Amino acid sequence: MKTVSTKLKQVRISLSSLSRPYSPTPLASHAKPRNPSSSALLNEFVNFCYQRDLPRAMKAMAAMERHGLYADSITYSELIKCCLARNAVEQGRLVHKHVSSNGYQPKTFLLNILVNMYVKFKLLQEAQDVFDQMPERNVVSWTTMISAYANAGLSDKALEFFVLMLREGVLPNMFTFSSVLRACNGISHLRQLHSGMIKVGLESDVFVRSALIDVYSKLDELRDAICVFDEMETKDLVVWNSIIGGLAQNSDGDEALNQFKRMKRAGFTADQSTLTSVLRACTGLALLEVGRQVHVHVLKFDVDLILNNALLDMYCKSGSLEDAKSLFELMVHKDVISWSTMIAGLAQNGFSQEALKLFDLMKASGTKPNYITIIGVLFACSHAGLVDDGMFYFRSMKRLYGIDPGREHYGCVIDLLGRAGKLDEAMSLVQEMECEPDAVTWRTLLGACRVHRNVDLAIYAAKKILQLDPADAGTYVLLSNIYANSQRWEDVTEIRRQMREKGITKEPGCSWIEVNKQIHAFILGDTAHPKINIINRRLNQLIHKLMGIGYVPDTNFVLQDLEGEQRDDSLWYHSEKLAIVFGLMSLSSGSAIRIRKNLRICGDCHTFAKLVAKMECRLIVIRDPVRYHHFQNGVCSCGDYW
DNA sequence: ATAGGGTTAG
């Protein structure tokens, strides 16, 4: 509708300018008197412009100028639209030359269009040059530049221009605010702008609102984002997408899905952007069945790379590699994100060799790896114990791909060396890092100490973690257990005292399982699930049956207890065991049991799951915060190396 | 003439 009415308006303008005797605006002093062919020439020029026939339009313009006839701002702007539609940079520059060699000073209107043209061609410097030479700059001129810098990620520049604009006494409008909002990189700037907008009464515009929601949530201020959203009486699709996206990106998948339901009840239809965020929410919650449902809706749209990438990630993170692989095969267009997602997905699910093979294919396909791709590659090496390969990729990433190793890359290699028992080398890598090691780095080293029972280094790493992240309950518990194991009771008491003092409590182990698109949560020691009694009975039967085929519950996991779950026989009721039993009870016998956990799996549950998978002929997939375990026929895809 | 929402790791 909108395009049609715009077109009609344009036609009217051209007709009206042709019906009157044509006079260029302003009159060029050297203009020759009109001759009969002039109006025909202009007519031709305008038509070529509307047909987006750039070469002919350019020729027509040259012919007109030979007759001393000059286009006006509106016809020039049509010609520039032509150049933009054809992505014709050189012709655009030529038009610019014509405009400024016309012998008159072009109007602000036309100069704004030229600035915008250079912005669209991503020639910011040229845009800036035109802007600088303008005798007058209005709100559109300023907004064009602010938006250009904000889009290019040059936030400081955008904010600087906003201030300059105010200083020159030009009043911002809602276009300006929605542009400058995107350049806010600190919460104080944002609040300042927000209150400024309220003062001038522009904060209720939907564009401004969606930008506000987006920026608040990108700055981790979800409460403010929700506040802005709730205050709105009339919302449009983009506003809904902003809040759903904000929630999904801040790992509040539950709430994102709730808002999605509300959006549909309000009568809106999801588009690609909505579905991408919904998929991201499913990914975080490992909701494979809901994700599949979304996939059906995805098929209604034209191929959309971002949406396909989100879908691919959902299948990987829900542990359904078969779906991920077949989608990846079907995708005709793949970008660096598609490849990186698939590589990391294979690696996290325990298929490291396949991940590395895919990395070779990626390079062969001509796609350049980025920072994140290499993280996936190194992750694959560390989780398969491929020390030599990992070290090679790490040491050559700068030379081969021009990527400087960052904290995450170091983390993978520290993990790689640490797991392989090379704790000294891992430690020297920590010292080699040019960026400061953070809590995650030390936790990686601590993980290696746990596996290789290095108590001294474990204590050292744990202390480092607590300096950087004093509220990390898991580390307190681990440290206390290490001391207990070495009979250092005074230290144990001290740790417990610190925990009490700081009010630090252990996060309980929790597992989730999706049955009939419903999530069931199991928390250690929690009896809220309606079927908990029968689940406990079945679990006991199962444990005794497994003991008959050689299962010995392993309570000695002092250096493993990242669980925060207790050391006595409560490990018999670890949340993943409850979820497995519930899965056996409620899912049809052929289907896989997929579980998501908030904490890493312990050694005992790992053994348990392997045996259950074998005895019950089931595929069991458990996703923990770091990686996945596929249990089948008595073995796990991690090769007992995690 | 100028403006808003979506994908990989951690």
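Given the structure is predicted, the values throughout are model-derived calculations rather than measurements. Below, read A as the first sequence line, B as the second, and so on, with proteins coming before strands; counting in each chain starts at 1.
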(request) Step through the shown structure and confirm whether more than 12 heavy atoms of other residues, nucleotides or ligands are within 6.0 Å of CD on A/Glu160. (result) yes

(message) With a 4.0 Å cutoff (strictly under), does any side-chain N or O of A/Arg209 reach OP1 or OP2 of B/dG4?
(response) no

(message) Using OP1 and OP2 only, check whether a side-chain N or O of A/Ser147 sits under 4.0 Å from B/dT2.
(response) no

(message) Strictly below 4.0 Å: does A/Arg407 bring a side-chain N or O up to OP1 or OP2 of B/dA9?
(response) no

(request) Tell me whether the OP1 or OP2 atom of B/dT7 has a side-chain N or O from A/Gln249 closer than 4.0 Å. (result) yes

(request) State which of B/dT8, B/dT7, B/dA1 makes the closest approach to the side chain of A/Val140. (result) B/dA1

(message) Looking at every non-hydrogen atom in both residues, tell me the closest pair between A/Glu329 and A/Lys334 and how far apart they are.
(response) O-NZ, 4.4 Å

(message) Would you say A/Lys120 places a side-chain N or O within less than 4.0 Å of OP1 or OP2 belonging to B/dA1?
(response) no

(request) Measure from the side-chain heavy atoms of A/Val206 and tell me the nearest of B/dA9, B/dG4, B/dT7. (result) B/dG4

(request) Figure out the CD/C1' separation between A/Gln259 and B/dG6, and round it to whole Å. (result) 17 Å

(message) Quick check on B/dA9: is either OP1 or OP2 less than 4.0 Å from any side-chain nitrogen or oxygen of A/Lys317?
(response) yes

(request) With heavy atoms under 4.0 Å as the rule, sort A/Asn308 into base, sugar-phosphate or nothing. (result) nothing

(message) Taking the minimum atom-to-atom distance to the side chain of A/Asn116, which one of B/dG4, B/dT2, B/dA9 wins?
(response) B/dT2

(request) Write down the atom of A/Gln348, the atom of A/Arg627, and the distance for their closest heavy-atom approach. (result) O-CB, 3.5 Å

(request) Could you please spell out the steps behind the ring pair (Phe, Tyr, Trp, His ring centres under 6.0 Å) verdict for A/Trp142 and A/Phe162? (result) CA-CA 8 Å; A/Trp142 285 101; A/Phe162 182 67; 9.8 Å; no

(request) Compare the minimum distances between each of B/dT8, B/dG6, B/dT2 and the side chain of A/Leu307, then state the nucleotide with the smallest one. (result) B/dG6

(message) So if I take every side-chain heavy atom of A/Ile113 and compare against B/dA1, B/dG10, B/dT8, which nucleotide ends up nearest?
(response) B/dA1

